[in-house]
Asker: 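Got a structure for you, questions after.
For clarity, every value in this text was computed on a predicted model and none was experimentally measured.
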Amino acid sequence: MEPDLRASVDHHARIPGFVAEAVAAGVRRLVLLSAYGVGEADDSHPLKPAERAVRDSGVDWTILRPDWFAQNFSESFWLAGLLAGALTLPTGDGRTPFVDAEDIAEVAASALTEDRHSGQIYQLTGPRAISFGAAADLIGKATGRTIRHIDVDPDVFVERQVANGVPADVARRLTGLLVEIRNGRGSAVSDGVERALGRPPRPFEDYVAETAAAGHWN
């Protein structure tokens with residue numbers, strides 16, 4: 001289950017209620033897809049109640065805290081910008097260790113089926129932090145196209161998201177996460193994938209090569 005980050009959703013009741021119902025129905029193992037940085041966040045973070053409910057559930061549990069997905073470049077948030085040749089985001093030269101969603105899925109499957117992950121919290125990142133400019137350059141080289149990263153003022157970015165139909169609370173939260181990258185937070189590389197799977201995480205370059213070969217950026 002992927003959490004809904006909208007401020008309008010009552011996280012203090014929704015996911016904890018789901019956890020309670022699952023345990024009452026006989027579920028004996030829970031794996032929560034949380035988010036990177038929740039452990040350092042204050043109690044106002046919308047995923048705090050979800051993590052607390054899972055930890056206090058009385059059954060085996062594992063929490064996954066992934067960084068930004070590499071697949072955001074090919075499947076969701078940033079695909080349209082890449083296809084247009086410009087990735088316009090309020091991230092400056094900030095870097096982050098994009099994690100491959102295939103690695104997240106493999107960790108989740110292992111956590112659901114193996115006892116050794118019980119009580120573990122895995123911070124999931126790629127093997128190195130790179131900037132959005134570097135990511136755009138790698139994708140451009142792999143596709144033979146010119147793709148630029150354009151830094152944008154955070155307030156302007158919020159306004160553009162709202163104008164495109166994104167709810168204001170979601171636009172502000174997303175922008176805040178991107179500004180954290182700009183400010184140098186979230187660049188640390190974690191060993192969660194290696195601890196969970198016994199191998200290093202997949203490099204961003206491998207994701208780019210495979211995705212380009214599959215024609216997702218054509």
Asker: Is the closest basic N to carboxylate O distance between Asp191 and Arg195 below 4.0 Å?
Answerer: yes
Asker: Could you tell me whether Glu40 and Arg185 make a salt bridge, using a distance below 4.0 angstrom between a side-chain N and a carboxylate O?
Answerer: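 Salt bridge absent between Glu40 and Arg185.
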Asker: Over all heavy atoms of both residues, which pair between Ala53 and Val19 is shortest? Give the atoms and the distance, please.
Answerer: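 Closest approach of Ala53 to Val19, heavy atoms only: O-CG1, 3.8 Å.
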Asker: Does Arg148 CZ have over 12 foreign heavy atoms under 6.0 Å away?
Answerer: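 Counting other residues, nucleotides and ligands, CZ of Arg148 stays at 12 neighbours or fewer.
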Asker: Heavy-atom distance under 4.5 Å between the side chains of Glu51 and Arg65, does that happen here?
Answerer: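 Sidechains of Arg65 and Glu51: in contact.
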Asker: Do Arg116 side-chain atoms and Ala196 backbone N/O form a donor-acceptor pair below 3.5 Å?
Answerer: yes
Asker: Tell me, with the steps shown, if Leu64 and Val107 meet side chain to side chain contact (heavy atoms under 4.5 Å, CB included).
Answerer: CA-CA 8 Å; Leu64 312 183; Val107 173; 3.7 Å; yes
Asker: Check Pro66 against Val99 and note the closest heavy-atom contact, atom names and distance.
Answerer: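 So the two residues come closest at CB-CG1, 4.2 Å.
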Asker: Return the CG to CH2 distance between Asn72 and Trp78, rounded to the nearest 0.5 Å.
Answerer: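 Here the interatomic distance stands at 4.5 Å.
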Asker: Do Pro127 and Pro201 come within less than 4.5 Å of each other through their side chains, counting heavy atoms only?
Answerer: yes
Asker: Taking atom CG as the centre, does Asp93 end up with more than 12 heavy-atom neighbours from other residues, nucleotides or ligands that are less than 6.0 angstrom away?
Answerer: no
Asker: Is Pro46 close to Arg173 at the side-chain level, that is, under 4.5 Å between some pair of heavy atoms?
Answerer: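 Heavy-atom side-chain distance check passes, below 4.5 Å.
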Asker: Using 0.5 Å steps for rounding, measure from the CG atom of Leu30 to the CG atom of Asp60.
Answerer: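 If I round to the nearest 0.5 Å, the distance is 9.0 Å.
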Asker: Do side-chain atoms of Asp103 reach the backbone of Arg202 as a donor and acceptor pair under 3.5 angstrom?
Answerer: yes
Asker: Quick check: is Tyr122 connected to Val189 through a chain of hydrophobic side chains (ILVMFWY, heavy atoms under 4.5 Å apart)?
Answerer: no
Asker: Return the orientation label for the Phe98 and Phe73 ring planes: parallel under 30°, perpendicular over 60°, tilted otherwise.
Answerer: perpendicular
Asker: With the 4.5 Å side-chain cut-off for hydrophobic clustering, are Val179 and Trp68 part of the same group?
Answerer: no
Asker: Between OG1 of Thr175 and CD of Gln161, what distance do you get to the nearest 0.5 Å?
Answerer: 6.0 Å
Asker: Quick one: does Arg145's side chain have a donor or acceptor within less than 3.5 Å of a partner on Gly140's backbone?
Answerer: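 Looks like no, no N/O pair under 3.5 Å.
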Asker: Check whether any side-chain heavy atom of Trp61 lies under 4.5 Å from a side-chain heavy atom of Arg55, and answer yes or no.
Answerer: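 Contact flag for Trp61/Arg55 side chains = yes.
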Asker: One thing to verify: whether Arg160 and Asp155 come together as a salt bridge, which I'm taking to mean a side-chain N less than 4.0 angstrom from a carboxylate O.
Answerer: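 No, this pair does not count.
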Asker: Under 3.5 Å, is there a donor-acceptor pair between the Gln120 and Thr62 side chains?
Answerer: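 There is no such pair between these side chains.
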Asker: Below 4.0 angstrom, N of the basic side chain to O of the carboxylate: do Lys141 and Glu205 qualify?
Answerer: no
Asker: Is Tyr207 reaching over with its side chain to a backbone N or O of Asp100, donor-acceptor style, under 3.5 angstrom?
Answerer: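 No: the side chain of Tyr207 does not pair with the backbone of Asp100.
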Asker: Please walk me through it: do His117 and Ser110 pass side chain to side chain contact (heavy atoms under 4.5 Å, CB included)?
Answerer: CA-CA 8 Å; His117 302 287; Ser110 183; 2.6 Å; yes
Asker: Verify whether one side chain among Ser131 and His149 offers a donor that lies under 3.5 Å from an acceptor in the other.
Answerer: no
Asker: Do Val31 and Leu33 belong together in a cluster built from hydrophobic side chains that touch within less than 4.5 Å?
Answerer: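 Same hydrophobic cluster.
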Asker: Looking only at heavy atoms, what is the nearest atom pair of Pro97 and Ala188, with distance?
Answerer: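 Heavy atoms of Pro97 and Ala188 come nearest at CG-O, 3.4 Å.
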Asker: Find out if a path of hydrophobic residues (ILVMFWY) with successive side-chain heavy-atom gaps under 4.5 Å connects Val23 to Ile63.
Answerer: yes
Asker: As an exercise, state the distance from CG of Asp137 to CG of Leu87, rounded to the nearest 0.5 Å.
Answerer: 11.0 Å
Asker: Would you say Thr96 and Tyr36 are linked by a side-chain donor-acceptor pair, where the criterion is simply a distance under 3.5 Å?
Answerer: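 Thr96 and Tyr36 do not have a side-chain donor-acceptor pair below 3.5 Å.
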Asker: Do Ser76 and Gln71 have side chains that get closer than 4.5 Å, going by heavy atoms?
Answerer: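 Not in contact.
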Asker: How far does OG of Ser34 sit from CD1 of Ile121, to the nearest 0.5 angstrom?
Answerer: 8.5 Å
Asker: Give a yes or no answer on whether the side chain of Asp67 reaches the backbone of Thr125 with a donor-acceptor pair at less than 3.5 Å.
Answerer: no
Asker: Is the shortest heavy-atom distance from the side chain of Val162 to the side chain of Val166 under 4.5 Å?
Answerer: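 Side-chain contact under 4.5 Å: no.
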Asker: If you measure from CZ on Arg28 to OG on Ser57, what distance do you get to the nearest 0.5 Å?
Answerer: 9.5 Å
Asker: Report yes or no: do Ile150 and Phe132 belong to one cluster of Ile/Leu/Val/Met/Phe/Trp/Tyr joined by side chain heavy-atom distances under 4.5 Å?
Answerer: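 Not linked; separate clusters.
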Asker: Using only atom types and a distance under 3.5 Å, with no angle test, would you say the side chain of Thr91 pairs donor to acceptor with the backbone of Gly94?
Answerer: no
Asker: Check the pair Trp217 / Ser74 against side chain to side chain contact (heavy atoms under 4.5 Å, CB included), numbers first and verdict last.
Answerer: CA-CA 7 Å; Trp217 292 309; Ser74 55; 3.8 Å; yes
Asker: Hey, mind stepping through Ile181 and Leu177 against side chain to side chain contact (heavy atoms under 4.5 Å, CB included) and telling me if it holds?
Answerer: CA-CA 7 Å; Ile181 296 174; Leu177 294 172; over 6 Å; no
Asker: Quick one: does any side-chain atom of Thr211 pair with a main-chain N or O of Val208 as donor and acceptor, under 3.5 Å?
Answerer: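 No.
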Asker: Would a 4.5 Å heavy-atom cut-off, applied to side chains only, mark Val59 and Arg29 as touching?
Answerer: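 No. Closest side-chain heavy atoms not under 4.5 Å.
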